[in-house]
Each structure stands twice: as C-alpha cells, then as structure tokens.
Amino acid sequence: LVRRWRNLPVPAICFTLLGLSILLYCCRIVPRLFAAHYSLRTGNSALALIESALFSALHGKLLWSNFLQTVGDMRELCPALLLLVPLYGISPRPETVLVLHTALVASAALPLALLAASQLRSPIAGLATAILYLAYPPVHAFNLAGFRSESFVIALDTRTGKVRWK
C-alpha cells in the first residue's frame with residue numbers, strides 16, 4: 001500500500017487528502033449542529049425560514065415562505081437557494097438543510113485549494129491553505145450559528161477564481 005502511494009503524483013495525494021479533510025470537517029460539525037437543533041439552541045430563525053422556502057419551492061412556490069416578517073428576512077431568500085431544492089427533495093427535513101449548509105461551507109475549501117495551488121505553484125501549499133480554512137475557528141462559528149445566505153457567497157466567490165492576490 002505504501003508503494004502505491006509513493007508512485008502517485010503529489011497532486012493526486014493532495015486532492016485525496018483534501019477530500020478527506022472536507023469529509024472530516026462535515027463529520028465533526030454536523031453532529032454538533034444536530035445537537036443544537038434538537039435542543040432548540042440554533043439561535044436564529046433563518047433555519048425555519050429557509051426550510052419553509054425550500055419546502056415551498058419543492059411544491060411549486062419559488063422563494064416564498066410563511067415566516068417572512070420583515071425586510072431583513074427577505075435577504076435570506078437568495079435565488080441561489082433554488083440550487084438546493086433538488087437535494088432537499090431527497091429528504092425534506094430541517095436536518096437536510098443543516099447538512100447542505102455544512103457541505104456548502106466546506107466545499108469552498110476545494111476551489112480555495114486550487115486557487116492557492118496555482119498562485120503558490122505548489123499543490124501542498126494549496127492543501128495547507130484549504131486545511132487552514134477548514135480549521136479556522138470563525139468558519140466553525142459561522143457554520144454553527146445557523147443557516148446563512150452568506151454561505152453561498154463564500155462558496156461561489158471562491159469558485160469564480162476572481163480573488164486577487166496582492
């Protein structure tokens with residue numbers, strides 16, 4: 001087994017380790033989110049709003065929710081939320097929203113690693129950058145605070161590759 005790993009190119013090993021890091025992050029955060037959800041300590045009403053909007057979109061009412069009360073609630077209903085509807089349709093429950101949110105936040109590590117690897121010209125540096133992102137405490141706090149529409153911004157901005165390094 002060790003000989004096989006020695007014969008693999010460094011980018012393949014780094015990509016495998018990055019996938020394992022993302023999986024480990026999700027496995028570490030999701031149980032904490034579930035525990036907070038089951039003990040009613042999620043802290044914000046955005047989860048109910050998003051879950052209601054996804055359920056309504058699943059049944060034909062796009063970007064609509066029973067829980068809209070203020071203009072501030074409207075900003076949680078971004079059009080990118082419609083990308084989650086097919087995945088939410090597999091299991092329409094609040095837990096699915098929490099798992100999708102965690103996967104969305106963690107998936108930003110992949111384009112971040114690719115961007116760092118291309119800028120720093122080292123796949124190992126890209127892997128280290130992605131692992132630092134996944135280990136960064138504010139990312140954990142952001143994810144544990146509940147569903148936020150800003151998580152789409154994190155994931156989609158890193159995918160565009162338009163980050164300027166100066």
Side-chain angles (χ1 to χ4, degrees), residues 1-38 41-44 46-47 49-51 53-54 75-91 93-166:
L1 184 64
V2 174
R3 286 185 194 157
R4 287 184 183 173
W5 278 97
R6 285 185 188 163
N7 294 335
L8 285 176
V10 173
I13 294 172
C14 289
F15 190 73
T16 303
L17 290 175
L18 177 61
L20 289 173
S21 300
I22 291 172
L23 184 64
L24 180 66
Y25 174 82
C26 290
C27 290
R28 177 77 177 122
I29 294 294
V30 167
R32 293 176 66 189
L33 282 169
F34 282 5
H37 174 65
Y38 293 141
R41 291 182 294 129
T42 53
N44 69 1
L47 179 61
L49 177 73
I50 297 300
E51 205 270 333
L54 286 172
R75 67 186 163 98
E76 294 293 333
L77 296 181
C78 62
L81 189 64
L82 296 175
L83 297 173
L84 300 180
V85 172
L87 296 172
Y88 177 77
I90 296 170
S91 175
R93 302 168 42 128
E95 292 86 355
T96 305
V97 176
L98 294 173
V99 170
L100 290 174
H101 182 254
T102 301
L104 191 63
V105 170
S107 71
L110 178 62
L112 183 64
L114 295 173
L115 183 63
S118 70
Q119 293 293 322
L120 301 174
R121 293 177 176 70
S122 169
I124 295 172
L127 174 66
T129 303
I131 289 175
L132 287 173
Y133 164 76
L134 292 172
Y136 192 49
V139 172
H140 295 272
F142 175 78
N143 199 359
L144 291 171
F147 194 96
R148 303 249 187 256
S149 59
E150 291 87 359
S151 58
F152 288 104
V153 174
I154 293 170
L156 295 175
D157 275 356
T158 54
R159 280 183 182 74
T160 60
K162 299 207 184 228
V163 177
R164 303 284 187 245
W165 294 76
K166 297 193 183 209

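Starting from 1, each residue takes its place in the sequence as its number. On a predicted model such as this, the values are computed, not experimentally measured, just so you know.
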Seminar exercise, completed: Shortest non-hydrogen pair, A113 vs A130, comes out as CB-CB, 3.7 Å

Problem set entry | Among V97, I22, L33, the one residue meeting side-chain contact (heavy atoms from CB on, under 4.5 Å) with T102 | L33

Exercise. If you round to the nearest 0.5 Å, how far is OG1 of T129 from CG of L18?
Worked result: 10.5 Å

Problem set entry | Donor-acceptor contact below 3.5 Å, side chain T96 vs main chain S91 | yes

Exercise. Say you draw a straight line from CG of L20 to CD1 of I131; how long is it, rounded to the nearest 0.5 Å?
Worked result: 9.5 Å

Exercise. Crowded around L87 CG? As in, over 12 foreign heavy atoms under 6.0 Å?
Worked result: yes

Exercise. Among all residues two or more places apart in sequence or in another chain, which pass the side-chain hydrogen bond (donor to acceptor under 3.5 Å, both in side chains) test with R93?
Worked result: E95

Exercise. Say you draw a straight line from CG of L127 to OG1 of T16; how long is it, rounded to the nearest 0.5 Å?
Worked result: 10.0 Å

Problem set entry | Nearest heavy-atom neighbours spanning Y88 and L100 | N-CD1, 4.2 Å

Exercise. Do other residues, nucleotides or ligands put more than 12 heavy atoms under 6.0 Å from the CZ atom of F15?
Worked result: no

Exercise. Once you round to the nearest 0.5 Å, how far does CZ of F34 lie from CG of L98?
Worked result: 6.0 Å

Problem set entry | Residue pair A117 / P123: nearest heavy atoms and the distance that separates them | CB-CA, 4.0 Å

Which pairs would a plain distance check flag for residues 138-145, meaning a side-chain donor or acceptor within less than 3.5 Å of a matching protein atom at least two apart in sequence or in another chain?
from, atom 1, to, atom 2, distance (Å)
H140, NE2, L134, O, 3.0
N143, OD1, H101, ND1, 2.9
N143, ND2, Y25, OH, 3.2

Exercise. Where do A103 and C26 come nearest, in terms of heavy atoms and distance?
Worked result: CA-SG, 4.2 Å

For this session: Decide if atom OH of Y136 counts as having more than 12 heavy atoms of other residues, nucleotides or ligands within a radius under 6.0 Å.
Result: no

